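Shown next, in structure tokens, is the structure this report addresses.
Each residue takes its place number in the sequence, starting with 1. Just so you know, these numbers come straight off a predicted model, no measurement behind them. Counting starts at 1 for both ligands and their atoms, in listed order.
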Amino acid sequence: MKNNLDLKHKMKITEILEKDRPTFSFEFFPPKTEEGLASLYKTIAELEKINPSFISITYGAMGSTRKKTLELIEKIKKSLKCEIMAHLTCIGATAEEISSIVLKLKKLNISNILALRGDIPDDYPEKDKVKKDFMYASDLVRFIRNLNDFCIGVAGYPECHRDCTDINTDISYLAEKIEAGAEFVITQLFFHNEYYNSFVEKIRGKGIKNPVIPGILPITGYHQISKIQKMCGCSIHNNIKTELEKFKDDPVSIRNFGVDYATEQCSELLEQGAPGIHFYTFNKSEATRKIWENLSKK
Ligand code: FAD
């Protein structure tokens, strides 16, 4: 399996997707503490040995960790060989604020942005929804496209976004993001490939040809799963639930199961033509590294 990029120059993810499929990318979030930051540096150093196609750094919606995203990118940019994709959310932001962040990203030599709306907090005032400059991710995509020559990715939801009642409608909004200038899609995590397959089929049916990178989360704990399900609204079928119940009090077996399950999931996705895998690492390296090693042996 080929995954041996040594990128010293700015490269767009669309170019990487053309030249070096399958891509392997890792998502990290900016830690809140110095201890968390030190641990993240170790994780990144471990995963860099795999030669990732790119890594991505999340961005807190509504101001929670905004500054930290740019600071983290600035800190790791110099020492990393691979490309960094910056996530950017627009909910609650003004055009001026977004312009300034995009300019900073450009100065940091970042060429790839994942353009997102961000979750709307329950207490977000109704009036602010109309007062602000951005309602949806498509507004942000259009805005960035007009500012600079970034390579723009967007989020896709194989099991439908939770604010939307119907997958076909949700996909029509995804089509709007592509029309606005987005070039690739990274999906919300899912544990059952049939959701990704049917999502891609529906997207292709709409004439969208852009790469759709599946987002995969290795299961690492019994309690992790219910939290994730609540947060992302993804389905967990009985085949997973039964195994988790079986190993409820045995964290090592749960982690092993998680690695084996994700290996099979990724292997099938790649065999069926997925352009790469985007790993939700939760700032940990062990499971992702093992899955990558398993896939390399196949
Ligand atoms: P949108 O595409 O704007 O969609 C949001 C909702 O509005 C959907 O229900 C959609 O159907 C609907 N909609 C879209 N356009 C229209 C329209 N024109 N009219 C009516 N309805 C419409 N969150 C963070 O805070 N920080 C991150 O770093 C982050 N990274 C992520 C990475 C990935 C790969 C994914 C999948 C999600 C990420 N998220 C992140 C979560 C994301 O911000 C939330 O899921 C958010 O609620 C929706 O963002 P979006 O960009 O998909 O929004």
Fill in: Within 6.0 angstrom of Glu286 CD, more than 12 heavy atoms from elsewhere
no

Item to complete: Determine, for Glu183 against Lys177, whether the closest basic-nitrogen to carboxylate-oxygen distance falls under 4.0 angstrom.
Response: no

Fill in: Heteroatom distance test (Ala137, ligand 1): nitrogen or oxygen, under 3.5 angstrom
yes

Worksheet item: Can an N or O of Glu27 be found at a distance shorter than 3.5 Å from an N or O of ligand 1?
Response: no

Discussion item. Assess whether a salt bridge exists between Lys42 and Glu46, defined as any Lys/Arg side-chain N lying under 4.0 Å from an Asp/Glu carboxylate O.
Written reply: no

Item to complete: Examine the proximity of ligand 1 to Tyr173 and report which part, side chain or backbone, both or neither, has a heavy atom under 4.0 Å away.
Response: side chain

Worksheet item: Should the proximity of His87 to ligand 1, defined as any heavy atom under 4.0 Å, be assigned to the side chain, the backbone, both, or neither?
Response: side chain

Practice prompt. Return yes or no for this condition: an N or O of His161 is under 3.5 Å from an N or O of ligand 1.
Written response: yes

Worksheet item: Taking the minimum heavy-atom distance to atom 39 (N) of ligand 1, which of Leu116, Ile167, Thr165, Asp166 ranks first?
Response: Leu116

Worksheet item: Does CD in Glu96 sit with more than 12 non-hydrogen atoms of other residues, nucleotides or ligands closer than 6.0 Å?
Response: no

Worksheet item: Is the gap between the ring centers of His237 and Tyr261 under 6.0 Å?
Response: no

Discussion item. Could you tell me, atom by atom, which parts of ligand 1 come under 4.0 Å of a heavy atom of Tyr59?
Written reply: 24 (C), 25 (O), 26 (N), 27 (C), 28 (O)

Worksheet item: For Asp119, is at least one N or O under 3.5 Å away from an N or O on ligand 1?
Response: yes

Discussion item. Does the plane of the ring in Phe279 sit parallel, tilted or perpendicular to the ring in Phe26? Use 30° and 60° as the thresholds.
Written reply: tilted

Practice prompt. May I ask you to decide whether Arg162 forms a salt bridge with Asp119, counting only side-chain N to carboxylate O separations under 4.0 Å?
Written response: yes

Fill in: 4.0 Å heavy-atom contact, Ser138 with ligand 1
no

Item to complete: For the pair Glu74 and Lys77, find out whether any cationic side-chain nitrogen is under 4.0 Å from an anionic carboxylate oxygen.
Response: no

Worksheet item: Short N/O distance, under 3.5 Å, between Gly118 and ligand 1?
Response: yes

Item to complete: Please state which part of Thr169 comes within less than 4.0 Å of ligand 1, counting heavy atoms only: side chain, backbone, both or neither.
Response: neither

Worksheet item: Hey, which atoms in ligand 1 end up nearer than 4.0 Å to a heavy atom of Thr58?
Response: 28 (O)

Worksheet item: Side chain, backbone, both or neither: which part of His278 has a heavy atom under 4.0 Å from ligand 1?
Response: neither

Worksheet item: Phe29 near ligand 1, heavy-atom distance under 4.0 Å?
Response: no

Discussion item. Pairs of nitrogen or oxygen atoms closer than 3.5 Å, one from Thr89 and one from ligand 1: do any exist?
Written reply: no

Discussion item. Using a plain distance cutoff, I'd like to know if Lys177 has any nitrogen or oxygen under 3.5 Å from a nitrogen or oxygen of ligand 1.
Written reply: yes

Discussion item. Taking the basic N atoms (NZ, or NE/NH1/NH2) and the acidic carboxylate oxygens, is any pair closer than 4.0 Å for Lys246 and Glu243?
Written reply: yes

Fill in: Contact check, Tyr280 vs ligand 1, heavy-atom distance below 4.0 Å
yes

Worksheet entry | Short N-O contact, Asp139 and Arg117, less than 4.0 angstrom | no

